[in-house]
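Scroll down for the structure; my scribbles are underneath it.
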Amino acid sequence: MNDSRQQFNDAVLYILGQIPKGKVVTYGNIAKLAGYPSHSRHVGRVLKNLPKDSTLPWFRVINGQGRISFPEQSERYQLQKGLLESEGIVFISGKINLKQYAWSVG
DNA sequence: CTTATGACCCTGA
DNA sequence: GTCAGGGCCATAA
């Protein structure tokens with residue numbers, strides 16, 4: 001494994017652990033915070049690589065449109081939606097209010 | 001080496 | 001508001 005890839009992966013996981021409860025972050029935002037503004041896609045690759053029993057709040061990661069990047073019929077979608085709702089996040093037409101739930105440093 | 005694919009984003013219609 | 005096109009980068013074949 002190249003160090004750069006590992007570093008990106010580690011940065012993403014770290015940021016993921018910094019997301020407060022009841023907040024969400026977009027892929028692009030995480031990538032930017034990790035130091036790779038244009039690697040928004042690879043954030044998804046990192047999450048995909050996560051074990052299903054991971055303790056990290058991967059479900060707090062959504063796309064730039066405030067939607068979950070899974071098809072509605074997908075089990076992952078239902079799981080993520082349920083977890084977010086359990087933290088107080090409200091879904092409207094399958095989307096959430098990014099203006100309200102978007103996390104920023106500080 | 002070239003293609004194809006992906007838990008994406010931005011912009012314009 | 002939603003949808004489509006173009007772009008970006010890493011991985012697999």
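Everything quoted here is computed from the prediction, not taken from an experiment. Letters go in sequence order (proteins before strands), and every chain restarts at 1.
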Could you pull out all donor-acceptor pairs under 3.5 Å where a side-chain atom in residues 74-88 of chain A meets a protein atom, sequence neighbours excluded?
unit_1	atom_1	unit_2	atom_2	d
A/Ser74	OG	A/Arg76	N	3.3
A/Gln78	NE2	A/Glu72	O	2.9
A/Gln80	NE2	A/Phe59	O	2.8
A/Gln80	NE2	A/Val61	O	2.9
A/Lys81	NZ	A/Glu85	OE2	2.7
A/Ser86	OG	A/Leu83	O	2.4
A/Glu87	OE1	A/Gly22	N	3.2
A/Glu87	OE1	A/Arg60	NE	3.0
A/Glu87	OE1	A/Arg60	NH2	3.4
A/Glu87	OE2	A/Arg60	NE	3.3
A/Glu87	OE2	A/Arg60	NH2	2.5

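- We find that CD of A/Gln7 is positioned 14 Å from P of C/dA10, with the value rounded to whole Å.
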Dot-bracket encoding of pairs in DNA chain C, which uses [ ] for pseudoknotted crossings and | for another strand, Watson-Crick or G-U under 3.5 angstrom: .||||||.|||||
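- If you take CG of A/Asn49 and P of B/dT5, they are 21 Å apart, rounded to a whole angstrom.
- For the segment residues 76-92 of chain A, no residue has any heavy atom less than 4.0 angstrom from an atom of DNA chain B.
- A/Thr26 OG1 to A/Asn63 CG: the interatomic distance, rounded to the nearest 0.5 Å, is 8.5 Å.
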When the side chains of residues 8-19 of chain A are checked against the rest of the protein, which donor-acceptor pairs come out under 3.5 Å, sequence neighbours left out?
unit_1	atom_1	unit_2	atom_2	d
A/Gln18	NE2	A/Tyr14	O	3.3

What pairs of donor and acceptor atoms, side-chain ones from residues 28-50 of chain A against any protein atom, are under 3.5 angstrom apart with sequence neighbours left out?
none

Under 4.0 Å protein heavy-atom contact, by nucleotide of nucleotides 8-13 of chain B - B base, S sugar-phosphate only: BS----
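- Regarding A/Lys95, its NZ atom lies at a distance of 7 Å from the C1' atom of C/dT2, rounded to whole Å.
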Give the table of side-chain donor-acceptor pairs shorter than 3.5 Å for residues 89-106 of chain A, with sequence neighbours excluded, one pair per line with atom names and distance.
unit_1	atom_1	unit_2	atom_2	d
A/Asn97	OD1	A/Lys99	N	3.0
A/Asn97	OD1	A/Gln100	N	3.3
A/Tyr101	OH	A/Val90	N	3.4

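- Pairs engaging residues 14-27 of chain A under the salt bridge (charged side-chain N to carboxylate O under 4.0 Å, His left out) rule: none recorded [sequence neighbours left out].
- In this structure, A/His39 places its NE2 atom 12 Å from P of C/dC8, rounding to the nearest Å.
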